[in-house]
Structures are given as C-alpha cells and as structure tokens.
Amino acid sequence: MEETSISLRPPTNGNLVTILSIDGGGIRGIVPATILSFLESELQKLDGKDARLADYFDVIAGTSTGGLLTAMLTSPNEKNRPMFAAKDIEDFYLENGPKIFPQDSCPLAPFTKMMKTLTRPRYDGKYLHSLVREKLRDTRLHQTLTHVVIPTFDIKRLQPTIFSTYQVKNKPSIDALLSDICIATSAAPTYLPPHYFKTIDHSGAVREFNLIDGGVAANNPTLVAVSEVTEDISRRSPDFFPIKPMDYGRFLVISLGTGSPKSEEGYTAHEAANWGIIGWLMSGGSTPLVNVFTQASADMVDLHLSVVFQALHSRNSYLRIQDDRLSGLVASVDIATKKNMNDLIKVGERLLKKPVSSVNLDTGTLEPLNRETNEEALKRFAKLLSEEKKLRLAQSPHERAHFANPPASSAA
C-alpha cells in the first residue's frame with residue numbers, strides 16, 4: 001500500500017540530510033520547474049503516483065521565484081498534501097506569468113519601460129499579491145509540509161531576514177503568513193515594490209518587516225539551507241543523528257539555477273566606464289546592477305559547496321544544475337510572452353541532457369565534471385532519496401513498534 005502521509009521521518013532514522021534549493025530569476029523559474037517535474041516523475045516511478053518532492057527533502061529552500069516554488073511544493077491543501085505537484089508548476093507560470101509581468105506590444109515599449117524604471121518599479125505587483133494570497137490563504141511558515149528556508153532582505157535594518165522553519169520556535173516573530181514571505185522574497189529592486197507587513201507573537205510583541213528580494217542576500221540559497229541545518233544539528237536537535245564537524249558526506253544536496261546570460265551577454269569595462277546611475281539600472285534592456293549581484297552570489301555559493309564536497313570526497317552528493325549560456329529574451333526575468341515561456345521550457349529540457357557541470361572562476365563558465373548528464377544524475381539522486389525514505393520508515397520507532405506488536409486484525 002502506498003504511503004499517504006506527508007511526514008518524512010527525521011534524519012536520525014536514516015543516513016542522510018536531504019536538501020533541495022532553488023535560485024531566484026523571475027519568469028526563468030520555468031527552468032527549474034521543468035527540472036523538478038522530471039525529478040518528481042522519477043520518484044513516482046519508484047514509489048507510486050502520489051509521491052511528491054516534499055516527501056523526500058528535509059528542507060526545501062528558495063529565493064524570489066524559487067521561494068514561490070518552495071511554497072507551492074510545501075504548502076498543504078485540504079488533504080494535508082502539497083498544494084502543487086511539480087508537473088503542474090509549468091502551467092502555473094504559463095497561465096499567470098503574463099499577468100504578473102504584463103507585456104506592452106507598443107513599438108515604444110522599451111523606452112517607456114526604461115523611463116518607468118527611473119521613477120518607480122516596472123510592475124505594481126497587484127496581481128502577484130492577490131494570486132499568492134488566494135493560493136496560500138492563511139498558511140503560516142510553521143505549517144509547511146517539510147522544513148523551508150526563504151531568504152529576504154530588510155531594507156530598514158539593512159540586513160538579511162531568513163524565514164526558516166528551523167528558527168520558528170526560537171524566533172516566533174518570523175512565523176509570518178507564507179503569502180507575505182513569498183511576496184517579500186519576490187520583490188526584486190526596480191521590478192516589483194518592497195513589501196511591508198508585521199507579525200505579533202504569542203507574547204504580544206510586534207515586529208515590522210520592510211523587505212525586498214532575497215536575491216540581494218542569497219540568490220542561490222543552498223548555503224543558507226546548509227547553514228540552517230548545521231545550526232539545528234549544533235543545537236543537538238533530536239531530529240538529527242550525531243554528526244562530525246564538516247561531515248558533508250551525510251548531506252545530499254540538489255541546487256537548481258534559473259539560467260544565466262553571463263557567458264554570452266556580459267559587460268565590458270569600456271562600456272561600463274561611462275555608466276552613471278541610469279546605466280547601471282538600465283543598459284541594453286537589462287538591469288546590470290541586479291544581474292551583477294545575483295550572479296556573484298549564486299556562483300560564490302556554488303564554488304564554496306563544490307570545493308567543500310570535493311575536498312571531503314563527497315562530490316557525488318552535491319548536484320548543481322545551471323545553464324550559463326542563455327541569450328536573448330530567455331535571459332530576461334520578465335518577458336512573459338507565450339513564445340518566451342515555451343522557449344524557457346525547452347531550455348530546461350535541454351539542460352537535462354547536458355553534462356553535470358561546475359563553475360570555473362578562472363574562465364567564468366560552467367565546465368563538465370564527467371560524462372554523466374543532469375538527467376542521469378537526477379535518476380541517481382531519485383534512487384538515493386527513495387532508499388533514504390524507506391530506510392527512515394523502517395527505522396522509525398513508530399514502525400518498529402508496529403511490527404513488534406501488530407494489530408489483532410493482522411496477527412496470524
């Protein structure tokens with residue numbers, strides 16, 4: 001009989017700590033959505049059609065559009081199952097993307113967009129806000145079906161604010177509505193307005209938040225997720241097995257990018273030498289300043305984790321899937337035409353066929369690690385995830401008690 005409960009037994013009942021991380025990138029969230037659909041389909045081949053990603057990962061982390069994906073994969077529906085299957089997320093983008101990022105077909109649209117960016121965000125965010133509130137309703141951070149980590153940045157405090165289910169008990173003020181967290185982490189500077197809200201904890205203390213896109217702090221939130229797990233382990237949480245310092249061999253990490261234009265459409269020092277505020281905010285139809293800090297953040301995280309996992313002989317436990325050769329409209333974060341969104345689906349499908357790669361900081365490009373494709377690596381990870389879940393079920397105290405003292409109806 002297929003298991004219907006969402007509860008993934010804690011790592012202390014198994015061998016691994018499993019982490020899924022999803023980058024920010026606006027409409028390019030379609031790329032990791034395509035990858036996730038493939039991964040979930042592989043898990044369903046192993047464990048049945050009702051398998052969902054939240055059943056296998058101890059923590060799912062996401063920034064900006066990745067934060068929205070995280071909420072969709074972990075928010076409970078009326079049956080206490082994930083609100084979305086991974087295969088449904090592409091259609092969510094195709095249906096709602098043009099309303100979140102409305103397109104102007106006027107010949108003067110690029111000029112109008114540039115002028116608007118100088119005085120206010122390109123988009124008012126009203127449709128996105130209403131959509132997120134409709135889907136997530138009154139779900140709060142602590143109610144997600146597995147642990148989540150969603151970075152934001154507080155522009156009043158000038159510091160990151162990390163919404164982590166690991167921290168809710170110690171910091172009840174962050175137990176905000178998941179809709180507010182998603183709106184905040186998606187508020188990319190120059191594209192969508194900052195988000196203000198407040199929480200009141202059980203003691204009556206009020207905390208105010210003035211938040212923008214988590215990409216300012218961690219566009220690739222993988223390292224934030226690893227840090228949250230490590231901190232919980234250091235507090236000797238009963239959910240975790242004893243772990244040696246830096247024992248990354250017990251971590252199984254999948255990190256998904258949304259694609260990058262850096263290998264094809266970077267900027268030269270010569271052209272940037274004449275940029276002022278306008279140039280850094282708008283050049284060639286893109287936003288160089290946003291591109292610079294998001295790509296720098298993502299690559300540094302990938303570099304750190306690649307080196308650490310390799311040094312500790314655990315390279316096969318870390319999988320980063322990213323395409324750094326986007327060009328043209330698919331490299332944008334807000335071109336939500338039907339053609340461009342379908343092209344992004346194709347980017348994700350092609351990415352599955354490409355070899356597993358890692359960033360080379362000398363060249364600035366992704367280089368193949370071996371002959372294994374991303375598709376093959378995901379199949380390998382799916383088997384590991386399935387085995388880990390089954391091991392935890394077999395080792396959990398509840399299951400051991402069940403088999404030791406079976407119900408009268410099943411005893412022979």
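As the structure is a computational prediction, the values presented were derived from the model and not from experiment. Excluded from the calculations below are hydrogen atoms, water molecules and symmetry mates; all remaining heavy atoms, backbone and side chain alike, are included.
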Work out which heavy atom in Leu16 is nearest to a heavy atom in Arg392; give both atom names and the distance.
-> O-NH2, 2.7 Å

Any side-chain heavy atom of Arg28 within less than 4.5 Å of one from Val330?
-> no

Quick note, salt bridge (Lys or Arg N to Asp or Glu O under 4.0 Å) partners involving residues 366-386, not counting sequence neighbours, are Lys353-Glu375, Glu372-Arg380

Sequence neighbours excluded, every pair satisfying salt bridge (Lys or Arg N to Asp or Glu O under 4.0 Å) that has a member inside residues 339-349 | Lys339-Asp343

Residues two or more places apart in sequence or in another chain: which of them pass salt bridge (Lys or Arg N to Asp or Glu O under 4.0 Å) with Lys45?
-> Glu42

Val229 and Asp58: side-chain contact (heavy atoms from CB on, under 4.5 Å), yes or no, with the steps?
-> CA-CA 9 Å; Val229 169; Asp58 293 305; 5.9 Å; no

Flag, side chain of Thr74 to backbone of Leu145, donor-acceptor distance under 3.5 Å = no

What is the distance from atom CD1 of Ile100 to atom CG of Leu192, rounded to the nearest 0.5 Å?
-> 8.5 Å

For Tyr318 and Ser255, run side-chain contact (heavy atoms from CB on, under 4.5 Å): C-alpha distance rounded to whole Å, both residues' side-chain angles, the deciding distance at 0.1 Å, then the answer.
-> CA-CA 8 Å; Tyr318 170 68; Ser255 174; 4.3 Å; yes

Enumerate donor-acceptor pairs with a distance under 3.5 Å from any side-chain N or O in residues 63-70 to protein atoms, sequence neighbours excluded.
unit_1: Thr63; atom_1: OG1; unit_2: Ala218; atom_2: O; d: 2.6
unit_1: Ser64; atom_1: OG; unit_2: Asp213; atom_2: OD2; d: 3.4
unit_1: Thr65; atom_1: OG1; unit_2: Gly26; atom_2: O; d: 3.1
unit_1: Thr65; atom_1: OG1; unit_2: Tyr93; atom_2: OH; d: 2.5
unit_1: Thr70; atom_1: OG1; unit_2: Gly62; atom_2: N; d: 3.3
unit_1: Thr70; atom_1: OG1; unit_2: Gly66; atom_2: O; d: 2.8

Mind checking whether Thr34 and Leu344 have side chains closer than 4.5 Å, heavy atoms only?
-> no

Would you find a donor on one side and an acceptor on the other, under 3.5 Å apart, between the side chain of Arg81 and the backbone of Asp50?
-> yes

Whether over 12 other heavy atoms sit under 6.0 Å from Lys354 NZ = yes

Does Thr161 use its side chain to pair, donor to acceptor, with the backbone of Thr152 at less than 3.5 Å?
-> no

With sequence neighbours left out, write down each residue that passes salt bridge (Lys or Arg N to Asp or Glu O under 4.0 Å) with Arg157, or none if nothing qualifies.
-> none

Rounded to the nearest 0.5 Å, what's the gap from CG on Leu384 to CG on Leu391? Could you check?
-> 12.0 Å

Contacts of type ring pair (Phe, Tyr, Trp, His ring centres under 6.0 Å), residue His129, not counting sequence neighbours | His195

For the pair Asn80 (side chain) and Pro76 (backbone), establish whether a donor and an acceptor sit closer than 3.5 Å, ignoring hydrogens and angles.
-> no

CA sep, side-chain torsions, deciding dist, call: His147, Glu228, side-chain contact (heavy atoms from CB on, under 4.5 Å) = CA-CA 10 Å; His147 283 290; Glu228 287 295 306; over 6 Å; no

If we only count heavy atoms from C-beta on, is the Ile254 to Leu39 side-chain gap below 4.5 Å?
-> yes

When every non-hydrogen atom of Ser164 is compared with those of Ile174, the smallest separation belongs to O-CD1, 3.5 Å

Rounded distance (nearest 0.5 Å) linking atom CE of Met83 with atom CD1 of Ile89 = 11.5 Å

Beyond-backbone contact of Pro151 with Pro160, side-chain heavy atoms, under 4.5 angstrom | no

For residues Ile60 and Thr144, determine if any side-chain heavy atom of one lies less than 4.5 Å from a side-chain heavy atom of the other.
-> no

Can Arg207 and Asp175 be counted as an ion pair, charged N to O under 4.0 angstrom?
-> no

So, does Thr185 use its side chain to make a donor-acceptor pair with the main chain of Cys182 at under 3.5 Å?
-> no

Pairwise salt bridge (Lys or Arg N to Asp or Glu O under 4.0 Å) hits with a residue in residues 64-75, at least two apart = none

Once you round to the nearest 0.5 Å, how far does CG of Leu178 lie from OG1 of Thr165?
-> 10.5 Å

Do the side chains of Asp323 and Val31 get nearer than 4.5 Å, heavy atoms only?
-> no

Is the side chain of Gln103 donor-acceptor paired with the backbone N or O of Phe101 at a distance under 3.5 Å, no angle test?
-> yes

Lys338, NZ atom: more than 12 neighbouring heavy atoms under 6.0 Å | no

Taking atom types as modelled, find out whether Ser21 and Thr222 have a side-chain donor-acceptor pair closer than 3.5 angstrom.
-> yes

Across all chains, not counting sequence neighbours, the salt bridge (Lys or Arg N to Asp or Glu O under 4.0 Å) partners of Lys198 are none

Test side chain to side chain contact (heavy atoms under 4.5 Å, CB included) applied to Leu329 - qualifying residues, sequence neighbours left out | Ile335, Asn340

Heavy atoms only: give me the nearest Leu158-Phe153 pair and the separation to one decimal.
-> C-CZ, 3.5 Å

Minimum-distance pair of heavy atoms, taken over all atoms of Arg52 and Lys49 = NH1-O, 3.1 Å

Quick one: are Asp47 and Asp55 in side-chain contact, heavy atoms under 4.5 Å?
-> no

To the nearest 0.5 Å, what is the distance between CD1 (Ile183) and CG (Leu131)?
-> 9.5 Å

Residues which pass side chain to side chain contact (heavy atoms under 4.5 Å, CB included) with Pro194, listed by chain and number, not counting sequence neighbours = Ile155, Ile212

Straight-line distance of Gln167 CD to Asp232 CG, nearest 0.5 Å = 7.5 Å

Please report the closest heavy-atom contact between Ala86 and Leu53, naming both atoms and the distance.
-> CB-CD1, 4.1 Å

Between Ser357 and Gln322, does any side-chain donor sit less than 3.5 Å from a side-chain acceptor?
-> no

Determine yes or no for a side-chain-to-main-chain donor-acceptor pair under 3.5 angstrom, with Asn220 supplying the side chain and Asp23 the backbone.
-> no

Would you mind reporting whether Leu177 and Phe197 have side-chain heavy atoms less than 4.5 Å apart?
-> no

Distance-only, no hydrogens or angles: does the Arg250 side chain make a donor-acceptor pair with backbone N or O of Asn15 under 3.5 Å?
-> yes

Please confirm whether the backbone N or O of Ala33 pairs with a side-chain atom of Ser37, one donor and one acceptor, at under 3.5 Å?
-> no

Contact list for residues 51-91, test ring pair (Phe, Tyr, Trp, His ring centres under 6.0 Å), sequence neighbours left out | Phe84-Phe92

Shortest non-hydrogen contact from Pro11 to Val17?
-> CB-CG2, 4.2 Å

Modelled atom types, side-chain donor and acceptor of Asp334 and Tyr123, under 3.5 Å = yes

The complete set of salt bridge (Lys or Arg N to Asp or Glu O under 4.0 Å) pairs with one or both residues in residues 130-151, sequence neighbours excluded, reads Arg133-Asp180

